[in-house]
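A note on names: the letters A, B, ... follow the listed sequences, proteins ahead of strands, and every chain is numbered from 1.
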Number of protein chains: 2
Amino acid sequence: MNYIESLQQYKLKVTPQRLEILDIIYQYGHINIDDLYNLLQKKFPTISLATIYKNINTMCDNLLLSEVKIPNKKNLYELTKTEHIHLICTKCDNVSDIELDISDLQSKIELKSDYKVIDNSIVFSGICPQCLKENNE
Amino acid sequence: MNYIESLQQYKLKVTPQRLEILDIIYQYGHINIDDLYNLLQKKFPTISLATIYKNINTMCDNLLLSEVKIPNKKNLYELTKTEHIHLICTKCDNVSDIELDISDLQSKIELKSDYKVIDNSIVFSGICPQCLKENNE
DNA sequence: CTAAATGCAAAGCATTTGCAAATAT
DNA sequence: ATATTTGCAAATGCTTTGCATTTAG
């Protein structure tokens, strides 16, 4: 992946820690700070939470990463991508992304509220297909 | 309002602190812990944050209250009401509720993901009508 | 070479817990 | 009368800050 260019684009130094953070987030899709810390320790036994927080924060500030707030869960972080909806499984905690055009909903909201809508954060929760299957066995 | 019955329904004791918490949340619509603490101190100068947290937690557990997670904001609390969407103004931080049927969106999501959807948390952010007006002056 | 990043320790907030005293039922 | 709640103080947990050292460009 070309994290290197992304980092350089924002004048952030390309450090091995940052590359690994981005790589883990890419692999996992969504991850919280603690899980990220545990995974990073495999490659960087002395990495500190301070480093992780600093990096997550600067990369969120530069919109390389996005923070995902999910009810009753620790914040998750993901690579910034095109607008999408989050789906969380309340059984297994798996989070999926789903791309769906919501311009319809957005116009309805603007009409009804007279707000000028700029952004959104949409999370649905339920049971994922795997857990549904396991339930019926 | 009939907070008394609601509390009794969940076998929670009707204390003046709880009534005031519910009354403030009702009045403000959405409030964070700090603001709630400041307002409560007017009537209960010795109230402690521990009491507030304990009450918010038990009332959330009993679904009397709901927690609202909004990007870049402290958690807000509201009285549990019929499903609705939250709209936050990025200029003035005002939060509005908007009731809109989203069954359409929900079926699309279920179709596309094979999840059985149970709940949702939808937050749109933008500029509220008042701030839009002030911007153009 | 120098500006930024890392990692440690300490500080700063937010939230929870334990417990004695007060209160609701 | 009893179980719950309150409010204090202490503890815990999460995140940030300061600073000396290291590293990227």
Taking the side chain of [X] as its heavy atoms from C-beta onward, which of [options] lies nearest to it?
{"X": "A:Ile47", "options": "D:dT6, D:dC8, C:dG7", "value": "C:dG7"}
{"X": "A:Ala50", "options": "D:dT17, C:dA24, C:dT16", "value": "D:dT17"}
{"X": "B:Leu49", "options": "D:dG7, C:dT25, C:dT15", "value": "C:dT15"}

- [ ] Report yes if a donor N or O on one partner sits less than 3.5 Å from an acceptor N or O on the other, where the partners are the side chain of A:Lys11 and the base of D:dG25; otherwise report no.
- [x]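 Between D:dG25 and A:Lys11, which were checked side chain against base, a qualifying N/O pair under 3.5 Å is absent.
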
Open item on the list: Is it the case that the base of C:dA3 and the side chain of A:Lys13 share a donor-acceptor contact (distance under 3.5 Å, atom types as modelled)?
Closed with: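 Such a pair is found, so the answer is yes.
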
Whole angstroms only, please: what is the [atom1]-[atom2] distance between [X] and [N]?
{"X": "B:Leu12", "N": "D:dT6", "atom1": "CG", "atom2": "P", "result": "10 Å"}
{"X": "B:Leu36", "N": "C:dT15", "atom1": "CG", "atom2": "C1'", "result": "14 Å"}
{"X": "A:Gln17", "N": "C:dG7", "atom1": "CD", "atom2": "P", "result": "5 Å"}

- [ ] Can you sort out the partners of A:Lys54 under salt bridge (charged side-chain N to carboxylate O under 4.0 Å, His left out), two or more places apart, ordered by chain and number?
- [x]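 A:Lys54: no salt bridge (charged side-chain N to carboxylate O under 4.0 Å, His left out) contacts found.
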
Open item on the list: Please determine whether a side-chain nitrogen or oxygen atom of A:Asn57 lies at a distance below 4.0 Å from atom OP1 or OP2 of D:dT16.
Closed with: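 Yes.
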
Open item on the list: Counting the atoms with a prime plus P, OP1 and OP2 as sugar-phosphate, which does B:Thr51 contact under 4.0 Å by heavy atoms, base, sugar-phosphate, or nothing?
Closed with: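 Base, at least one base atom sits under 4.0 Å.
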
TODO: Name the nucleic acid region contacted by A:Pro45, choosing base, sugar-phosphate or nothing; use a 4.0 angstrom heavy-atom cut-off, strictly under.
DONE: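 Answer is nothing: A:Pro45 stays at 4.0 Å or more from every strand.
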
Open item on the list: Here's a test of your reading of the structure: between B:Val14 and B:Tyr53, which maps to the more 5' nucleotide of DNA chain C?
Closed with: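 The residue mapped nearer the 5' terminus is B:Tyr53.
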
Open item on the list: Is a donor from one side chain sitting under 3.5 angstrom from an acceptor on the other, for A:Glu99 and A:His84?
Closed with: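 Short answer, no.
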
Open item on the list: Regarding A:Tyr115 and B:Ser125, do their side chains bring together a donor and an acceptor under 3.5 Å, going by distance alone?
Closed with: no

- [ ] Work out which heavy atom in A:Ile47 is nearest to a heavy atom in A:Tyr37; give both atom names and the distance.
- [x] O-CE1, 3.6 Å

